[in-house]
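Contents: one structure, followed by commentary.
Below, each value reflects all heavy atoms present in this structure, side chains not excepted, and no hydrogens, waters or symmetry copies. Here is the naming used below: chain letters follow the sequence lines, and residue numbers restart at 1 for every chain.
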Amino acid sequence: MLSAARAPGESLPRRETLRRGSDYQRCYRSGARRQGALVTLHFLPNEEGCPRLGITASRKVGDAVARHRLKRWTRECFRRSPRRAALPAFDLVVHFKPGARAAAFAEFRAELDRLLAGLPRGGSR
RNA sequence: CGGAGGGCCCGAAGCGGUCGCUCCCCGGCAUCGUGCCGGGGAGAGGAAAGUCCGGACUCCAACGGGCGGCAUGCUCGCCAACGGCGAGGCGCGGCGACGCGACGGAAAGUGCAACAGAGAGCAGACCGCCGGGACCCUCGCGGGUUCCGGUAAGGGUGAAACGGUGCGGUAAGAGCGCACCGCCCGGGCGGCGACGACCCGGGGCACGGCAAACCCCAUGCGGAGCAAGACCAAAUAGGGGAGCGUGACGCGGGCGGCCCGUCCCGCUCCGCCGGGAAGUCCGGCGGCGCGCUCCCGGGUAGGUUGCUGGAGGCCGGCGGCAACGCCGGCUCGAGAGGAAUGACCGCAACCGGCUUCGGCCGGCACAGAAUCCGGCUUACCGGGCCCUCCGACCC
RNA sequence: GCCCCCGUCGUCUAGCCCGGUCCAGGACAUCGCCCUUUCAAGGCGGUAACACGGGUUCGAAUCCCGUCGGGGGUA
């Protein structure tokens, strides 16, 4: 079951995203966080057997186009990241900072990759 | 050729790759719901924006109406409706094509107008002009000072000063009188109408501005919003109902050193009926409390639905100046839900800069559906089509 | 999605309803001068703003319309 869910491809189905307000609240309340220049990363071990991704963007980041572009970049980077298969089963929340509006894609991907690499190894058992 | 005015349309846009997301259809596998694999199809805009108006739809309220409040404001028409649109009238701007206009009412009422100025509303005498009285100067003509009166033609102030020009008239003046122009009122004429100003009659002119000041008049408006609303419905707590069991061979405390206990004290369901001599005994009915089981309804999380085929597009014909309407045919173009429509690469266009002309570098707007429509407003790289006006030159 | 409020010197504000007296007043800050051996305090003087664009009016910070920005409420 676990190996079936962890398909080795670059797919990111809806099942592996955070989709509940309570999921986000749990992540903020009980999880740890890492700060980057463009982004804040919240994370918390989950029981799903695979990492799940959530994204938040407040209106301070920019207009709808800017916010949505950053969301798509985040999904793209997470989906194609080479270290994704090695990630522990965490719920992750990526929250943009206002400075992210002016970032270029390569710059953004480098930062996100660095933050993901800094996650602890353990995860849930 | 140059400049200008108006209208309409397109708008990450062309091709090829790699990896992905959402929905639908087909096939296969497993399956209680559903999930996985393969194939195919579809997947942001002219403004999706601002949320400034108007509707559809849904719920709430309601017998009907008024007051208040808000909005609109030349006329006629179009429209489901509108504060929108189309024609027309009037005013203003422009040589012109054309553009702009909150454009009802100031002879209903109440108000406002700083400063300047004599005076700011049915006004006003500062200078000036004219007449008269008194006093002074002068031989006299005349002049000066002052008082009373007349006068709105002139000066001056102001954003604005109570028709204009000319002639008569007068002490000087004045619509005081006359002519022309303007204005007002009534009637006729043209127009559905706003209005026009051709005609007739009357009036010497009374009617300044501001209603995006209060206000008056006319017309319109019940409230909320798809997170509306509908259906299914966990866990926990609570509500209602049914059935069964239970409410004394019990519990607590004291004493006898402790245990035990035939000792003492307290608590112990209620009502009615029947049996027994009687009781804390037995049986029945009703109520109350507790326990267990089952059922019912409300409702939260969550799920499903509303959810996209509609005042819909395209083509043609007819009516209308037009907005638009009618008829016929064809066609279906996103439906997410912490929210998909993406990222990267290689060529080719276009624009800008550099260029030792081979190329190199950079850019490619405004902006992202959230129930759906009709408008308005605002933002915007670049491009296409049509009509019209003015100027110059040529024929 | 719906609704409401607010934009005035560098900062906090008054004036707005009911237009003129406003080239917009006050406080703190800042600059110059005086006072003091010096600093502070004090005194005198100066610089400095009506978010933006239209409109109404003789005249707009004020009234009206539209943009832009900020804040808040609600499901």
For a quick check of understanding: with a heavy-atom distance under 4.0 Å over all strands, which category does A:R75 fall into, base, sugar-phosphate or nothing? sugar-phosphate
For A:F105 and A:A66, find the nucleotide of RNA chain B closest to each by heavy atoms; which residue's nucleotide sits nearer the 5' end? A:F105
Does the B:C19 base have a donor-acceptor partner in the side chain of A:R79 within less than 3.5 Å? yes
When rounded to the nearest Å, what value does the distance between C1' atoms of B:G155 and B:G117 take? 13 Å
What integer number of Å spans the P atoms of B:A44 and B:C15? 14 Å
Suppose you measure atom C1' in B:G83 against the same atom in B:C53; what distance do you get, rounded to whole Å? 6 Å
When syn is taken as a glycosidic angle within 90 degrees of 0, is B:G68 syn or anti? anti
Taking the C1' atom of each, how far is B:G383 from B:A349, in whole Å? 13 Å
What I want to check is whether an N or O donor and acceptor connect the side chain of A:R72 with the base of B:G368 at under 3.5 Å. yes
Has A:Y24 got its ring stacked on the base of B:G338, with centres under 5.5 Å and planes less than 30° apart? yes
B:A125 versus B:C130 - spacing of their C1' atoms, nearest Å: 14 Å
Taking only the P atom of each, what is the distance from B:G77 to B:C82 in whole angstrom? 14 Å
Residue pair A:R109/A:D63 against RNA chain B: nearer the 5' end by closest nucleotide is A:R109
Rounded P spacing from B:A339 to B:A369 in Å: 15 Å
Between B:G220 and B:G196, how far is it from one C1' atom to the other, in whole Å? 32 Å
